[in-house]
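As structure tokens, the structure follows; a few thoughts come after it.
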Number of protein chains: 2
Amino acid sequence: MKFAVVVGSTETATIEGISAAGAVPEATYHTPAADLEIVEYGKPVFAPQMPVSPTGCPTPALITRAVRELVSFDTVAVESGLVTESATPTVTVGDKPGADIRSNKPVPDATERFERARAVGRALNDEELIIGESIPGGTTTALGVLTALGEPYNVSSSLPENPIERKQELVNAGLEASSIEAGALAGEPLKAITLMGDPVLPAVLGLTVGANERGIDVMLAGGTQMVTAGALARHFGVQDELRVATTVFVADDTPELHQASDELAFDLTVTDPGFDQSSHDALTGFCRGEAKEGVGMGGALALADRNGVSDKELRQQIVRRYEAVTDGP
Amino acid sequence: MKFAVVVGSTETATIEGISAAGAVPEATYHTPAADLEIVEYGKPVFAPQMPVSPTGCPTPALITRAVRELVSFDTVAVESGLVTESATPTVTVGDKPGADIRSNKPVPDATERFERARAVGRALNDEELIIGESIPGGTTTALGVLTALGEPYNVSSSLPENPIERKQELVNAGLEASSIEAGALAGEPLKAITLMGDPVLPAVLGLTVGANERGIDVMLAGGTQMVTAGALARHFGVQDELRVATTVFVADDTPELHQASDELAFDLTVTDPGFDQSSHDALTGFCRGEAKEGVGMGGALALADRNGVSDKELRQQIVRRYEAVTDGP
């Protein structure tokens, strides 16, 4: 099994009020590189600190890392438009961050990024590929892509109050800037990403398609962004089983999750790590509805389950890791 | 144990007649990225083909990969001035290739690259770090650095006839362009790299220093370029044990190897994989004195030895891998 984490940036993340993946909007540019370092080394290396939400909820990378400490697994990091260098080894499938969704072509070279990631997926020698992501602002671009494809689903949010009307407004501005109508790009997944997406989506799609061509089982580890990646794969023509693994935090936030999974024929796993049993800062933010998902958290929790790790053991490991990173308690 | 492969490029490689790491000088720009892919995936992925010498001797990456198939080990790829993208995950410690050794400052940001690699070395959680390299033209810049440090050793070559006079001439031109005398930079390893080196050397030095600070044992896997990296570490002030592992092909080419190891207090291993027992194209080039080393080959052979792999088993695996890559026999 290989655990891929695909990271990148989009200028969409710096629009006020749409992402909790950083204490202030500009901090989101450091988040994906820091997330990779936490998964790889257990702590930030080049990055100045662990990403936290405005109220201090830690990045889900911490949970993925804690699971990795309990259930060792190999990773591959794929970079598509990182703004900062990461100390984690990455395959670069594209250099530039995505532009604002309200521009004409936020990911002009989506096809090239897709093809590179597809070559990586085809080159893997694993039976199973789990794919997570980290891209602040990614749910907004996911909504943009779903809308362009004509898939009528909502997206989740890293904020406790999902600013869904604001996202819809941005998507509408994006459709207008790209001169398309909702649903106009059904069956054209790469065009949908080019005109409405972010740089992480072509990389996740490429890995998915390449791994599928190679006969590798794919688990999309994440919430509505991964539902979007799965929808893109269906529109591309992938007919084999696709699994989606996410958290109860996303499922609670996005009632359409089950409907989308049924209609797109995903095999859906929703895990509940029982964070409500804890009063530790490392975990309570998630119960307030922050972060919810990301950096493959849902897939990591599913892996922990599969390997018989108890929720209690997992919570203890997350707290130990949190304290090691923050020099607490 | 972690096996690091540090790759990069220098314009020095395109000077006619100094490197065999590509069928023609310009092809050397693809070599380091292709080498990484062979170690990671067993074959080129983004790269157009497996690097070979002008007469068809395969890259030593093939040997390192074959050992990895027999004796599984974790790798980390570090990139310092690659010209092409690689499908292998890499930590980027610097973007730009090195300039021609005959210019004033071929690696102006050597210190920054060193510090990034040092942070990576310090972040590792392994007991042992083996470091290999791939940078066409690297023996010429190694000679430049040794000369600047005042270390009186010769360097090896990837060509059967070592063009040592030509290298010396280029080094002299480099000293002049940098306005320094031979031996002027003793005790100033980063300045020696800045004025006379290539982008891979600060990365290897940084990994070595960082790992040493972390208490990790370091094995420099390679020939005279790794002797140079070890010399740089000594001039930096590293006093702990440093191992150097290389091949009989380098030892035969460079009589000073043992003397240098003694004087710089390296623990030297020289392995002979018995390629003269074979008449297969994958191996005979090495016996004609081509390639000799690179991509950690000497360290991989030492690892194979340590794990009880017989020379015959190893040769068979190399041939299988060669045929898989070239679609032979």
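Residue numbers begin at 1 in each chain, while the letters A, B, ... track the order of the sequences.
- For chain A, the nearby part of T88(B) is the backbone; its heavy atoms alone come within less than 4.5 Å.
- Closest approach of P89(A) to A77(B), counting heavy atoms only: CB-O, 4.4 Å.
- Of the atoms belonging to T90(B), heavy atoms from both backbone and side chain fall under 4.5 Å from chain A.
- The nearest pair of heavy atoms linking V91(A) to A87(B) is CG2-O, 3.1 Å.
- When heavy atoms are compared at a cutoff of 4.5 Å, Y41(B) approaches chain A by way of both its backbone and its side chain.
- Close approach to chain B, defined as a heavy atom under 4.5 Å from one of its heavy atoms, is seen in R116(A), A119(A), V120(A), A123(A) of residues 109-123 of chain A, taken by number.
- For S86(A), the part sitting under 4.5 Å from any heavy atom of chain B is the backbone (N, CA, C, O) and nothing else.
- Summarising the geometry, atom OG1 belonging to T92(A) is positioned 6.0 Å from atom CD belonging to E79(B); distances are rounded to the nearest 0.5 Å.
- Counting heavy-atom neighbours within 6.0 Å of K2(B) NZ, excluding the residue itself, gives a total above 12.
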